[in-house]
Amino acid sequence: MNIKLTENKKKILVLSCMVVLLVVAGTLSIVLNLNAGKANEGSNMDGTQSTFFSELQSNKELRKNEQIALLDAIINNDNSTKEAIANAEKEKLAIVTNIKTEMALESMIKAKGFDNVAVMIGNEKINVFVDKAELLDEENAAICALIMEQTNFTIADIIINPTKM
């Protein structure tokens, strides 16, 4: 039985396979992180917290990779309009820029004495997760000042989430 596929169908099939592989890789990463966290629970009182941050980072990375793969599919599709390609390229650049900014902010906040930190930039808000039960006013102010220095977000756009259990 011979199945003939058009060029576009071949591209769609390849891109679909890539997205499926990306999802499988992300799922495996999350499962391995959870298993690693469970293995460390007996020896580390903060195993649950470390697992929370590992899972949060894995989910964030997976989500961004999925978005980039979908945008790449639009960019590389011969049937995409010039406008659609331009919009996809612009959105991809914004995602890459956000990834760099998130990583830089996480490093700077860690340098302020927080062990685990995750920063997630959205369209209108920025969420910061820190490994502490409660933040002092000075700590909140320092994190907000750092974010406002490095980004265009205002104090009203910054959401700081203490996550210590």
### Message
What's the separation between atom CG in Asn77 and atom CG in Asp72, rounded to the nearest 0.5 Å?
### Response
12.0 Å
### Task
Classify the side-chain pair Thr101/Asn98 by whether it contains a donor and acceptor separated by less than 3.5 Å.
no
### Task
Considering non-hydrogen atoms only, spot the tightest contact between Ala133 and Pro162 and give its length.
O-CB, 3.5 Å
### Summary
CZ (Phe53) and CG (Asp131) are apart, to the nearest 0.5 Å, by 5.0 Å
### Task
Looking only at non-hydrogen atoms, find the nearest pair between Lys132 and Leu135 and report the distance.
CD-CD2, 3.9 Å
### Task
Using the side-chain contact (heavy atoms from CB on, under 4.5 Å) rule, take Met108 and Glu149 through it: C-alpha gap first, then chi angles, then the decisive distance, then the call.
CA-CA 11 Å; Met108 289 181 222; Glu149 243 174 47; over 6 Å; no
### Message
Restricting to non-hydrogen atoms, name the atom on Ile155 and the atom on Met148 that form the minimum distance, rounded to 0.1 Å.
### Response
N-SD, 3.5 Å
### Between CD1 on residue Ile126 and CD on residue Glu102, distance to nearest 0.5 Å
7.0 Å
### Task
Answer yes or no: does atom CD of Glu61 have more than 12 heavy-atom neighbours from other residues, nucleotides or ligands under 6.0 Å?
no
## Note on the structure
What one should report as the nearest heavy-atom pair of Ala84 and Ile74 is O-CG2, 3.8 Å
### Query
Considering residues, nucleotides and ligands other than Lys112, do more than 12 of their heavy atoms fall under 6.0 Å from its NZ?
no
#### Entry: Straight-line distance of Asp78 CG to Ile85 CD1, nearest 0.5 Å
8.5 Å
### Query
Do Phe129 and Asn161 pass the side-chain contact (heavy atoms from CB on, under 4.5 Å) test, and can you show the C-alpha distance, the side-chain angles, and the key distance before you say yes or no?
CA-CA 5 Å; Phe129 297 87; Asn161 304 288; 3.6 Å; yes
### Message
With a 4.5 Å cut-off on side-chain heavy atoms, are Lys92 and Ile68 touching?
### Response
yes
### Summary
Residues passing the salt bridge (Lys or Arg N to Asp or Glu O under 4.0 Å) test with Asp137, sequence neighbours excluded, are none
### Query
Looking at CD1 of Ile121 and CD1 of Ile147, how far apart are the two atoms once the value is rounded to the nearest 0.5 Å?
8.5 Å
### Message
If I take atom CG from residue Asn59 and atom CG from residue Leu56, how far apart are they, to the nearest 0.5 angstrom?
### Response
7.0 Å
### Message
Using the rule side-chain contact (heavy atoms from CB on, under 4.5 Å), only one of Val128, Thr151, Leu105 pairs with Leu146; which is it?
### Response
Leu105
### Query
For the residue pair Phe114 and Val130, what are the closest heavy atoms and their distance?
CD2-CB, 4.1 Å
### Query
Does the side chain of Met103 reach to within under 4.5 Å of the side chain of Ile99, using non-hydrogen atoms?
yes
### Summary
salt bridge (charged side-chain N to carboxylate O under 4.0 Å, His left out) with Lys60: of Glu55, Glu66, Glu106, only one passes, and it is Glu106
### Query
Is Phe52 close to Asn116 at the side-chain level, that is, under 4.5 Å between some pair of heavy atoms?
no
### Query
If every non-hydrogen atom of Ile75 is compared with every non-hydrogen atom of Ala88, which pair is closest and at what distance?
CG1-CB, 3.7 Å
